Each structure stands twice: as C-alpha cells, then as structure tokens.
Enquirer: 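After the structure tokens below, expect a handful of questions from me.
Along the sequence shown, residues carry numbers from 1. This one's a predicted model, so the numbers in the text were calculated from it and none came from an experiment.
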Amino acid sequence: MEWRKNQGMFREKLLRILDNIEPQLVFFPDEDEAFPEPEYLVKDLYRFWRSNKKQLAFKRCNFWDSMEMVRKDKWVTYYPHVKIFKWQENLTYLPYLGFNRVTNYGKKKMVAKAVIKHYAYMDKKERERRYYELYKEKQKTFKGLLETPKLVKYTDPLRAPRT
C-alpha cells in the first residue's frame, strides 16, 4: 500500500536511470504484465511511432486461474495505462497524473489496438488480497464477481476481453 501512495516517486527514480541513455522509446510494463504477441505489438508500435502522440497506453485482459483463461466481465473499472512512451530530455512523472502517464506529456495518449496481458489475478490468493485490500471502497459494486467470474479462452490480444 505504501507503494501505491508513492507511485510517482517510484517511477521518477526509474526514469532518472535513463537520463544518460536517452532511448527513443521506453517500455514500462508492471511486473505482472506482458506485452501482446510480437506481431500485434509491432503493428501498434508502428502506428505509435508515426503518430504525433508521445504515450502509448494499453487496456488489459485479466488472466484467471491459468494462462489460457481470461475474465470476460467487468472485473474493475480500468482505464488504459501508458506502458510505452517516446523519450525526450527532462521528462518527469511529478506531479504524478496517474495511469502511468508522463507528466510532461499530460493526458493525451494513443491507445493500442491490442491488449496487454495482466497476470495478477491468476492466483486465487493474490486476487483475494487485491479485492479486499485495494478495492475496499468498491466491494459492494463488485459483490459476487470474485466467486462467479465469466471466463473465456484466450485467443489473441485483439479479441481478448478488455477490462
């Protein structure tokens, strides 16, 4: 929970590591996420690189119990999070805008056509912890969804249910 309060500072420290490298693109997935299959990611990257947008955000699909099944219902309200951005000098996350957006770039972003794979909910203990700790204020809204998920087989990141 302490990390959640300091996301901006955490991301800022990681960003400062890149000051001497100055990459063209920065890929920034969380530890429980994976980018879509390469053929889909390449298409989104090509669109992004040619655009005037500086942030590429992804909606996610939540894997549930295995790497083959994903949630089809609305598990939590989720907005696209920036996972890739174009580099420029003096970038900062402070003050933190949320959803991994780089503060210099504001809220404008391109949203990928493919989803990012989100594995946090595969493990029953982890999803229960998240439900009871992170979504305290939304437990009435999502009552029953923890026990009775609507699941479908994962096919590809264009047809996967987006959360």
Enquirer: Has N6 got a side-chain atom pairing as donor or acceptor with M9's backbone, closer than 3.5 angstrom?
Expert: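 Here the side-chain-to-backbone pair does not exist.
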Enquirer: Of all heavy-atom pairs between V82 and N100, which one has the smallest distance, and what is that distance?
Expert: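 Residues V82 and N100, closest heavy atoms: O-CB, 3.1 Å.
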Enquirer: Can you see which heavy atom on Y154 is nearest to which on A160, and at what distance?
Expert: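 The answer is CE1-CB, 3.9 Å.
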Enquirer: Is there a salt bridge (charged side-chain N to carboxylate O under 4.0 Å, His left out) between R130 and E126 once you walk through the steps?
Expert: CA-CA 6 Å; R130 285 173 178 253; E126 175 63 13; 2.7 Å; yes
Enquirer: Tell me, yes or no, whether the heavy-atom count around R16 atom CZ, taken from other residues, nucleotides or ligands under 6.0 Å, exceeds 12.
Expert: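 Enclosed.
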Enquirer: So, are D30 and R11 salt-bridged, with charged N and O less than 4.0 Å apart?
Expert: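 Yes, charged N to carboxylate O under 4.0 Å.
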Enquirer: Drop me the distance from K43's NZ to L41's CG, to the nearest 0.5 angstrom.
Expert: 11.5 Å
Enquirer: Check this for me: Q24, atom CD, are more than 12 non-hydrogen atoms of other residues, nucleotides or ligands nearer than 6.0 Å?
Expert: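 Counting neighbours around CD of Q24, 12 or fewer heavy atoms of other residues, nucleotides or ligands fall under 6.0 Å, so no.
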Enquirer: Do side-chain atoms of R129 reach the backbone of K125 as a donor and acceptor pair under 3.5 angstrom?
Expert: no
Enquirer: Can you confirm whether Y96 sits close enough to T103 that some side-chain heavy atom of one is under 4.5 Å from a side-chain heavy atom of the other?
Expert: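 Result no, sub-4.5 Å side-chain heavy-atom pair not found.
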Enquirer: Taking NZ, NE, NH1 and NH2 as the nitrogens, is one of them in K117 or E33 under 4.0 Å from a carboxylate oxygen of the other?
Expert: no
Enquirer: Kindly give the heavy-atom pair with the smallest separation between P149 and D73, and that separation in Å.
Expert: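 It is CA-OD2, 3.8 Å.
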Enquirer: Is it possible for you to say whether L18 and L94 belong to one hydrophobic cluster, with membership spreading through side-chain heavy-atom contacts below 4.5 Å?
Expert: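 Looking at the clustering, L94 is in a separate group from L18.
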Enquirer: Tell me whether E89 at atom CD has more than 12 heavy atoms from other residues, nucleotides or ligands lying less than 6.0 Å away.
Expert: no
Enquirer: Can you confirm whether K107 sits close enough to R101 that some side-chain heavy atom of one is under 4.5 Å from a side-chain heavy atom of the other?
Expert: yes
Enquirer: Specify the closest pair of heavy atoms between I116 and A34, including all atoms of both residues, with the distance to one decimal.
Expert: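 Heavy atoms of I116 and A34 come nearest at CG1-O, 3.1 Å.
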Enquirer: Salt bridge or not for E128 and K124, using N-O below 4.0 Å?
Expert: yes
Enquirer: If I take atom SG from residue C61 and atom NE2 from residue H118, how far apart are they, to the nearest 0.5 angstrom?
Expert: 10.0 Å
Enquirer: Could you pull out the closest heavy-atom pair between P23 and W87, with the gap in Å?
Expert: O-CB, 2.5 Å
Enquirer: Which pair of non-hydrogen atoms, one from K109 and one from P80, has the smallest distance, and what is that distance?
Expert: CE-O, 4.0 Å
Enquirer: Just wondering, are more than 12 heavy atoms of other shown residues or ligands nearer than 6.0 Å to NZ in K59?
Expert: no
Enquirer: So T92 and V102, do their side chains get closer than 4.5 Å, heavy atoms only?
Expert: no
Enquirer: Cluster question for you: counting only ILVMFWY and a side-chain heavy-atom cut-off of under 4.5 Å, with indirect links fine, are V115 and M110 together?
Expert: no
Enquirer: Just wondering, do L15 and F85 contact through their side chains at under 4.5 Å, heavy atoms?
Expert: yes
Enquirer: Within the side chain of N62, is there an N or O that forms a donor-acceptor pair under 3.5 Å with the backbone of Y119?
Expert: no
Enquirer: Kindly work out whether a path of hydrophobic side-chain contacts (I/L/V/M/F/W/Y, heavy atoms less than 4.5 Å apart) joins F28 to I84.
Expert: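 Shared cluster, no.
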Enquirer: Check whether any side-chain heavy atom of P161 sits under 4.5 Å from a side-chain heavy atom of R71, and report yes or no.
Expert: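 Not in contact.
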Enquirer: In this structure, would M69 and M67 fall into the same cluster of hydrophobic residues linked by side-chain contacts under 4.5 Å?
Expert: no
Enquirer: Measure from the side-chain N and O atoms of E68 to the backbone N and O of F63, and report whether any donor-acceptor pair falls under 3.5 Å.
Expert: no
Enquirer: In residues 47-54, what donor-acceptor pairs under 3.5 Å come from side-chain atoms, sequence neighbours left out?
Expert:
{"residue": "R47", "atom": "NH1", "partner": "D44", "partner atom": "OD1", "Å": "2.9"}
{"residue": "S51", "atom": "OG", "partner": "F48", "partner atom": "O", "Å": "2.7"}
{"residue": "S51", "atom": "OG", "partner": "K53", "partner atom": "N", "Å": "3.1"}
{"residue": "K54", "atom": "NZ", "partner": "Q88", "partner atom": "OE1", "Å": "3.2"}

Enquirer: Report yes or no: do L25 and I17 belong to one cluster of Ile/Leu/Val/Met/Phe/Trp/Tyr joined by side chain heavy-atom distances under 4.5 Å?
Expert: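 Unlinked, L25 and I17 end up in two clusters.
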Enquirer: Under the ring-ring contact (aromatic ring centres under 6.0 Å, His included) criterion, do F58 and F35 qualify, and how do the steps go?
Expert: CA-CA 9 Å; F58 289 82; F35 286 111; 5.6 Å; yes
Enquirer: Any side-chain heavy atom of L151 within less than 4.5 Å of one from K72?
Expert: no
Enquirer: Which class fits the ring pair Y121 and W64: parallel under 30°, tilted 30 to 60°, perpendicular over 60°?
Expert: parallel
